[in-house]
Amino acid sequence: MQQTRNFLISGRVQGVGYRAFVRKHAAQLGVVGYAKNLPGGEVEVFATGSETALDTLRGYLHQGPRFSNVRKIEEREAAPASYDGFFVK
């Protein structure tokens, strides 16, 4: 069963390849949705996939790419939306 979650990631997550990192791992996991920079310096990730895939993605969100420094992740259930892949906005 597909689930949809919205993540708000804070820390050093802009200008370090974070969104591309998320896109790569989401695509490998079969997760669809998007990652986008927010004006306050956070990254928003909207993701739809299996519970297992989303749990695995959450681990990657905490890890981030080499030069990132994830300080906080807020997570909540979200209303489903249909995407044809995972996109960087």
Are the side chains of [Y] and [X] in contact, using a 4.5 Å heavy-atom criterion?
| X | Y | answer |
| --- | --- | --- |
| Val22 | Tyr60 | no |
| Lys72 | His62 | no |
| Val13 | Asn69 | no |
| Glu75 | Arg58 | yes |
| Glu42 | Gln14 | no |
| Arg76 | Arg5 | no |

Mind checking whether [X] and [Y] sit in one hydrophobic cluster, side chains of I, L, V, M, F, W, Y counted as touching below 4.5 Å?
| X | Y | value |
| --- | --- | --- |
| Val32 | Val45 | no |
| Ile73 | Phe86 | yes |
| Leu54 | Val70 | yes |
| Leu8 | Tyr18 | no |

Practice prompt. Please assess Asn6 against Glu44 for the test side chain to side chain donor-acceptor pair (under 3.5 Å), listing each intermediate value before the final yes or no.
Written response: CA-CA 7 Å; Asn6 183 264; Glu44 177 186 36; 2.9 Å; yes

Worksheet item: Got a sec, which residues hit ring-ring contact (aromatic ring centres under 6.0 Å, His included) with Tyr34, two or more places apart in sequence or on another chain?
Response: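 Testing Tyr34 for ring-ring contact (aromatic ring centres under 6.0 Å, His included), a comparison that skips the adjacent residues, returns Phe46, Tyr83.
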
On a heavy-atom basis, which atom in [X] and which in [Y] lie closest, and how many Å separate them?
| X | Y | value |
| --- | --- | --- |
| Val31 | Ala53 | CG2-CB, 3.7 Å |
| Ser68 | Pro65 | OG-O, 2.8 Å |
| Pro80 | Thr4 | CA-OG1, 3.5 Å |

First locate atom [atom1] of [X], then atom [atom2] of [Y], and finally report the distance between them rounded to the nearest 0.5 Å.
| X | Y | atom1 | atom2 | result |
| --- | --- | --- | --- | --- |
| Thr52 | Leu57 | OG1 | CG | 12.5 Å |
| Leu29 | Thr56 | CG | OG1 | 5.5 Å |
| Met1 | Ser50 | CE | OG | 12.0 Å |

Item to complete: Scan residues 8-33 for pairs that pass salt bridge (charged side-chain N to carboxylate O under 4.0 Å, His left out), counting only residues two or more places apart or in two chains.
Response: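 Checked against salt bridge (charged side-chain N to carboxylate O under 4.0 Å, His left out) - neighbours excluded - no pair reaches residues 8-33.
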
